[in-house]
Amino acid sequence: MKSPKSLIRPLVHALHAYVPGEQPRIRGLIKLNTNENPYPPAPEVLEAVRQATDSRLRLYPNPTSQALRERLARLHRCQPSQIIVGNGSDELLALAVRTFVEPQGPGTTVSRSRVQYFSPSYSLYPVLAHTHGAGVNPVALGPSFEIPTVAELRRGKVWDFKAALTVVTTPNAPSGRGFPTQDLEALCQAQKGVVILDEAYVDFAKENAAALALRHPHVLVARTFSKAYSLCFQRVGYFIGHPELIDALDRMRDSYNVNGLGQVAALATLAHLPYYRACFRRIIATRERLTRSLTALGFEVFPSQTNFILTRPPGPTAEIWLGELRSRKILVRWFSQAEVRPYLRITVGSDAEADSLLKVTQQILKKYSLQAPVIQ
Ligand SMILES: *Cc1c(COP(=O)(O)O)cnc(C)c1O
């Protein structure tokens, strides 16, 4: 009998799996670590899911998410053939790697087998490249997490304008910074391979780049119902793009990739957009208040176009702050990678959660004898 380990591909042994934010079940915990929406789905969405939960659960769902794609096409003023729906946008990102990128090997070039992205950005991209046996090309953002210009990328000589797949998190995670559509378009125009603009947080931003997916045949825009539409649990995301690219992705996906209740929930969501727009306005208002208050307490806070903020706390290290907050039942996110090590990423919750965070923050400042600067 062979050892089970010898049955597994060497590539899999070497993988570093994606590390999701914790989902602990601690009573009274304020969870500001995974950018979930503090507000529930619209009551009509919950009712639609309840209504659909009957003996129909034994049936397969629509295999192409047809009704949802038609509704999304109306929303984005395009054709259903320009939309693919996935089991979260994560599934579609994985599909894109398998569809557009060659695994590394003798028959291919470095560029054709490369997934390229800025650093820091969504930490799933390298994981997806590695599971596929593809190479990665992480390229640093500027010191304030700004996107380098095309001229700077050319001068820097590490950016690959021929990379098979480039993924840009916009607005960026974990920095929260938004990128002007104009700059994104200039970058897209300079790229020879496929570009995905991952707009997971775009509903909290000033502008979006959806038009680029309709204007440029090699550009895909990724959206998700998870964060802004309070549907993480249901796993629904989608891509917008040229029918040829969408068709290619469609050939690679599983036959019933989007579960039926997810399709029902997403469709109901699109029938109640004003409810969600009101939630976005509340979250943005809380984000701006939190930014001002933390700044007054001595935190460095980057301007955010998302539902989270990246901040450098005063005094002890960010890792110590993570523990201090956690012991007071507030969970935030800290990443050990070099570029973001000094910072905490804090999800913008409800106003009450922001108040708790600020209160606890003042307790911790006091413990470390850090006086808040006097506000004049
Ligand atoms: C949360 C997130 C996703 C994944 O969204 P799902 O639709 O839940 O899979 C994709 N990209 C970024 C940048 C995210 O933060």
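If you're wondering where the values come from, they're calculated on a predicted model, not measured in any experiment. Whatever order the structure lists them in is the order used to number ligands and atoms, beginning at 1.
Pairing each heavy atom of L220 with each of L249, the nearest pair is CD1-CD1, 4.2 Å. When all heavy atoms of T170 and L197 are compared, the pair lying nearest together is CG2-CB, 4.0 Å.
Through direct or relayed side-chain contacts under 4.5 Å between Ile, Leu, Val, Met, Phe, Trp and Tyr, L29 connects to I26, L331. V264 shares a hydrophobic cluster with no other residue; no ILVMFWY side chain has heavy atoms under 4.5 Å from its own.
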Could you list the donor-acceptor pairs under 3.5 angstrom formed by side chains in residues 137-145, with sequence neighbours left out?
unit_1: N137; atom_1: ND2; unit_2: Q116; atom_2: OE1; d: 2.8
unit_1: N137; atom_1: ND2; unit_2: V158; atom_2: O; d: 2.9

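With respect to R289 and D355, a salt bridge is recorded, a charged nitrogen being found less than 4.0 Å from a carboxylate O.
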Between ligand 1 and the protein, which N/O pairs are shorter than 3.5 Å?
unit_1: ligand 1; atom_1: 5 (O); unit_2: S89; atom_2: OG; d: 3.2
unit_1: ligand 1; atom_1: 7 (O); unit_2: S89; atom_2: N; d: 2.7
unit_1: ligand 1; atom_1: 7 (O); unit_2: S89; atom_2: OG; d: 3.1
unit_1: ligand 1; atom_1: 7 (O); unit_2: T224; atom_2: OG1; d: 2.6
unit_1: ligand 1; atom_1: 7 (O); unit_2: S226; atom_2: OG; d: 3.4
unit_1: ligand 1; atom_1: 8 (O); unit_2: S226; atom_2: OG; d: 2.5
unit_1: ligand 1; atom_1: 8 (O); unit_2: R235; atom_2: NH1; d: 2.6
unit_1: ligand 1; atom_1: 9 (O); unit_2: S89; atom_2: N; d: 3.2
unit_1: ligand 1; atom_1: 9 (O); unit_2: D90; atom_2: N; d: 3.0
unit_1: ligand 1; atom_1: 9 (O); unit_2: D90; atom_2: OD1; d: 3.4
unit_1: ligand 1; atom_1: 9 (O); unit_2: D90; atom_2: OD2; d: 3.4
unit_1: ligand 1; atom_1: 9 (O); unit_2: R235; atom_2: NH2; d: 2.8
unit_1: ligand 1; atom_1: 11 (N); unit_2: D198; atom_2: OD1; d: 3.3
unit_1: ligand 1; atom_1: 11 (N); unit_2: D198; atom_2: OD2; d: 2.7
unit_1: ligand 1; atom_1: 15 (O); unit_2: Y201; atom_2: OH; d: 2.7
unit_1: ligand 1; atom_1: 15 (O); unit_2: K227; atom_2: NZ; d: 2.8

